[in-house]
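No hydrogens, no waters, no symmetry mates; every other heavy atom, side chains included, goes into these values.
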Amino acid sequence: NVPAYLTFLVAPPSTAEAGLTFSPSPQVGVADADGNLVVGASTTVTLALSNGAGTLLGTTSRAVVDGKVTFPGLSVQIVGTAYRVTASCDLAIITAVHDPMVIEHSVAVALVVAAEPPSNVFATDVFGMTINIVDSYGNLASTGDSSDLSITVATTVAPGVVGGTLTYRDTDHLTTEYAAGLAGSL
């Protein structure tokens, strides 16, 4: 058999969570013009992302054995909606391109201030700030449930008082305005 093209025998998942290993593990075969595996093919297959902001992590190049190769332990950490996994090799044959896949955020683990409040405000000034909910890779995340999350802003500078509590319900970021009851620096 003469190698003609690469094909995904087991496709990457259509949706995966950021940072988690793909399940199932992608498997690529070297096929002849009739679609039969070329058991004697001697090549190394490399997987890569052909678009998107992320990087395919894990061992992305592996040797073909008995016409096929499996890629366990692959993942992507950056959220995206149109990642395409491409398989190529050093033979002059047609590469394989998988349908777009979606990488979703991982579990929300932190609150990060994305837009700081001003460093100086006067009594009765209203000021705003933005707080992002992120996963462990910095992707915007949501809590995935309908429970409320309350954030209270306070100052450590006495005798100032900052008033404001924000109630959050399952969105990617929080934006609010607070009424300041102090003069000077926060």
Side-chain angles (χ1 to χ4, degrees), residues 1-112 114 130-149 168-174:
N1 303 13
V2 176
Y5 63 93
L6 295 176
T7 184
F8 280 101
L9 301 174
V10 177
S14 60
T15 303
E17 186 176 312
L20 292 186
T21 300
F22 292 171
S23 180
S25 296
Q27 185 179 59
V28 176
V30 179
D32 64 17
D34 295 323
N36 302 308
L37 285 182
V38 180
V39 178
S42 177
T43 188
T44 297
V45 173
T46 300
L47 296 186
L49 295 178
S50 59
N51 62 338
T55 300
L56 190 59
L57 302 173
T59 303
T60 57
S61 292
R62 294 185 177 269
V64 171
V65 177
D66 295 329
K68 58 189 174 188
V69 58
T70 303
F71 292 87
L74 299 180
S75 67
V76 176
Q77 294 178 342
I78 305 297
V79 168
T81 58
Y83 285 110
R84 287 187 181 270
V85 178
T86 302
S88 61
C89 69
D90 56 356
L91 300 176
I93 62 176
I94 299 170
T95 61
V97 179
H98 184 262
D99 293 337
M101 68 184 297
V102 174
I103 302 297
E104 298 176 338
H105 67 79
S106 186
V107 176
V109 297
L111 300 174
V112 176
T130 301
I131 301 171
N132 288 335
I133 299 172
V134 298
D135 66 13
S136 57
Y137 306 105
N139 298 305
L140 289 179
S142 65
T143 60
D145 62 32
S146 60
S147 61
D148 289 341
L149 170 66
Y168 153 82
R169 186 180 294 264
D170 201 25
T171 59
D172 290 339
H173 65 275
L174 315 170

Check: [X] side chain, [Y] main-chain N or O, donor-acceptor pair, under 3.5 Å:
X	Y	value
Asp32	Asn1	no
Asp34	Asn36	no
Tyr83	Gly54	yes
Asn51	Arg84	yes

Under the side chain to side chain donor-acceptor pair (under 3.5 Å) rule, what pairs show up with a residue in residues 3-24, not counting sequence neighbours?
-> Glu17-Ser106
Please list all pairs passing the side chain to side chain donor-acceptor pair (under 3.5 Å) test where one or both residues lie in residues 52-73, with sequence neighbours left out.
-> Gln27-Thr70, Thr46-Ser61
Exercise: identify the closest heavy-atom pair between [X] and [Y]:
X	Y	answer
Leu74	Pro26	CD1-CG, 4.2 Å
Ile93	Pro3	CG2-O, 3.4 Å
Pro24	Ala11	CG-O, 4.3 Å
Thr95	Ser88	CG2-CB, 3.7 Å
Ala82	Pro100	CA-CB, 4.0 Å
Asn139	Gln77	ND2-O, 2.8 Å

Interatomic distance, OG1@Thr44 vs CG@Asp90, rounded to 0.5 Å, equals 6.0 Å
To the nearest 0.5 Å, tell me how far Tyr137 OH sits from Ile103 CD1.
-> 11.0 Å
Which of these passes side-chain contact (heavy atoms from CB on, under 4.5 Å) with Val69: Val45, Leu9, Leu47, Val30?
-> Val45
Have a look at Leu49 and tell me which of Leu56, Thr86, Ile78 forms a side-chain contact (heavy atoms from CB on, under 4.5 Å) with it.
-> Leu56
